[in-house]
Amino acid sequence: MSNSEVAKCPKDKLPEFAFIGRSNVGKSSLINMLTNHKNLAKTSGRPGKTQLINHFLINTNWYLVDLPGYGYAKVSKKAKQKFQKFITDYFEKRQQLVSAFVLVDIRHKPQPIDLEFMQWLGESGLPFSIIFTKADKLKPKAIETHVEDYKNEMLQFWEDMPNYFVTSSSKHIGRDEVLAYIDDTIEEVENLKA
Ligand code: GDP
């Protein structure tokens, strides 16, 4: 189901996990890897097109939510504000949201837009994990260094490094770990309800 407004998202109460990150970070590829589909999530395309929240029902027990990519350099201030409202609305209103995954390209140094977004999630009391993408582009030693740099940056603002996953959609790395985490979290939520 695709929606342009939070109010129109699925009404059932299944737990959901949201995926978000800068455009081109590898979100569509990751979603396709996680779900074992070649083309479930479309590659994000050009800026300015209609921004949609996509709900994919997985195994009839949870929703994978594909949120639009942020951080287009070329959009107007007005478009940026509209987009921000759209995203904050989703995070603030969606009771079913269990946790978010913020995707970051493992090759890049921590970027202000990602750090600010995570800061906002934290201040809003919204749980999230980091998913490092495109790990196949670095050698194992460099992966370690980049994750370590990220940790050091995060620890300037946070007491702990958030939960994180190292993934590569082209090499099928990290799939089991992310899915196991989602399964465990759903179970925890259900136990809390029981
Ligand atoms: P989105 O805009 O965040 O949905 O990103 P896409 O999934 O469309 O990927 C953006 C670009 O990065 C495409 O050219 C992909 O082929 C490439 N890409 C995505 N994931 C990986 C990965 O794990 N490894 C490598 N090497 N390239 C990737």
Side-chain angles (χ1 to χ4, degrees), residues 2 15-47 49 52-73 87 97-118 121 127-155 158 160-188:
S2 295
E16 61 191 48
F17 293 81
F19 291 74
I20 189 163
R22 285 198 295 154
S23 39
N24 227 29
V25 69
K27 180 165 56 70
S28 309
S29 308
L30 181 91
I31 291 173
N32 291 335
M33 168 177 82
L34 291 176
T35 54
N36 249 338
H37 275 259
K38 279 209 170 62
N39 205 9
L40 187 64
K42 306 271 182 289
T43 38
S44 42
R46 67 201 154 78
K49 67 168 190 181
L52 295 173
I53 302 176
N54 295 306
H55 277 74
F56 299 110
L57 178 61
I58 312 290
N59 297 338
T60 70
N61 70 334
W62 63 280
Y63 282 112
L64 185 160
V65 183
D66 179 11
L67 295 172
Y70 55 71
Y72 285 114
I87 295 296
L97 176 67
V98 173
S99 194
F101 293 99
V102 179
L103 275 59
V104 294
D105 188 322
I106 194 152
R107 295 169 299 172
H108 302 156
K109 289 207 171 344
Q111 306 283 312
I113 193 166
D114 296 316
L115 297 172
E116 280 161 23
F117 182 64
M118 290 189 257
L121 286 175
F128 68 92
S129 306
I130 297 177
I131 290 188
F132 292 105
T133 61
K134 309 189 190 182
D136 58 284
K137 298 254 195 188
L138 295 180
K139 298 213 158 64
K141 192 78 201 151
I143 292 180
E144 249 177 63
T145 317
H146 281 232
V147 170
E148 207 50 42
D149 286 351
Y150 221 94
K151 266 189 199 169
N152 290 336
E153 183 75 32
M154 294 298 282
L155 291 177
W158 300 79
D160 297 309
M161 171 72 177
N163 199 19
Y164 69 88
F165 301 90
V166 173
T167 71
S168 158
S169 306
S170 14
K171 292 275 156 69
H172 243 75
I173 297 168
R175 181 177 187 270
D176 292 350
E177 289 78 3
V178 173
L179 292 178
Y181 170 80
I182 291 173
D183 273 349
D184 290 350
T185 311
I186 292 173
E187 206 178 302
E188 261 174 47

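The structure presented is a predicted model; accordingly, all values stated were derived computationally and were not measured.
- Between F117 and Y70, the angle of the ring planes lies from 30° to 60°, which puts this pair in the tilted group.
- Put simply, the side chain of K27 reaches to within 4.5 Å of the side chain of I31, judged on heavy atoms.
- Side-chain N or O atoms of H146 include one that pairs as donor or acceptor with a backbone N or O of I106 at under 3.5 Å.
- The two atoms that bring P162 and M154 nearest to each other are CG-CE, 3.6 Å, heavy atoms only.
- Under the ring pair (Phe, Tyr, Trp, His ring centres under 6.0 Å) rule, F17 has a single partner from F128, W62, Y181, F56, which is W62.
- In this structure, the side chains of L30 and L103 come closer than 4.5 Å at one or more pairs of heavy atoms.
- Inter-residue side-chain proximity for R22 and D114 is flagged as met; some heavy-atom pair is nearer than 4.5 Å.
- T133 and D105 form no side-chain donor-acceptor contact under 3.5 Å, judged by distance and modelled atom types alone.
- Contact record, L40 with N32: N-OD1, 2.8 Å, taken as the closest heavy-atom pair.
- One distance of note links NE2 of H108 with NZ of K137; it measures 9.0 Å at 0.5 Å rounding.
- Rounding to the nearest 0.5 Å places OG of S129 at 4.0 Å from CG of N163.
- Rounded to the nearest 0.5 angstrom, E16 CD and L57 CG are separated by 11.0 Å.
- Between I20 and the choices L67, I131, D66, the side-chain contact (heavy atoms from CB on, under 4.5 Å) rule is met once, by L67.
- Taking CD of E187 as the start and CD1 of I182 as the end, the distance is 14.0 Å to the nearest 0.5 Å.
- When each of F101, Y150, F165 is checked for a ring pair (Phe, Tyr, Trp, His ring centres under 6.0 Å) with F132, only Y150 meets the rule.
- Residues I58 and Y63 fail the side-chain proximity criterion, which asks for heavy atoms closer than 4.5 Å.
- Between V65 and F19 the shortest side-chain heavy-atom distance does not fall below 4.5 Å.
- With rounding to the nearest 0.5 angstrom, the CD atom of E188 is 10.5 Å from the OG atom of S99.
- For the pair L34/R175, a side-chain contact is recorded, criterion being any heavy-atom separation below 4.5 Å from C-beta on.
- Side-chain contact between S169 and D136 is absent, with no heavy-atom pair separated by less than 4.5 Å.
- Residues K134 and V25 approach most closely at CE-O, 3.3 Å, considering heavy atoms.
- Separating the CD atom in E148 from the CD1 atom in I143 is a distance of 13.5 Å, to the nearest 0.5 Å.
- A 6.0 Å sphere centred on OH of Y164 holds no more than 12 heavy atoms belonging to other residues, nucleotides or ligands.
- Summarising the geometry of T167 relative to V178, their closest heavy-atom pair is CG2-CG2, 4.3 Å, with the distance given to 0.1 Å.
- Taking each heavy atom of S168 and A135 in turn, the nearest pair found is CB-N, 4.0 Å.
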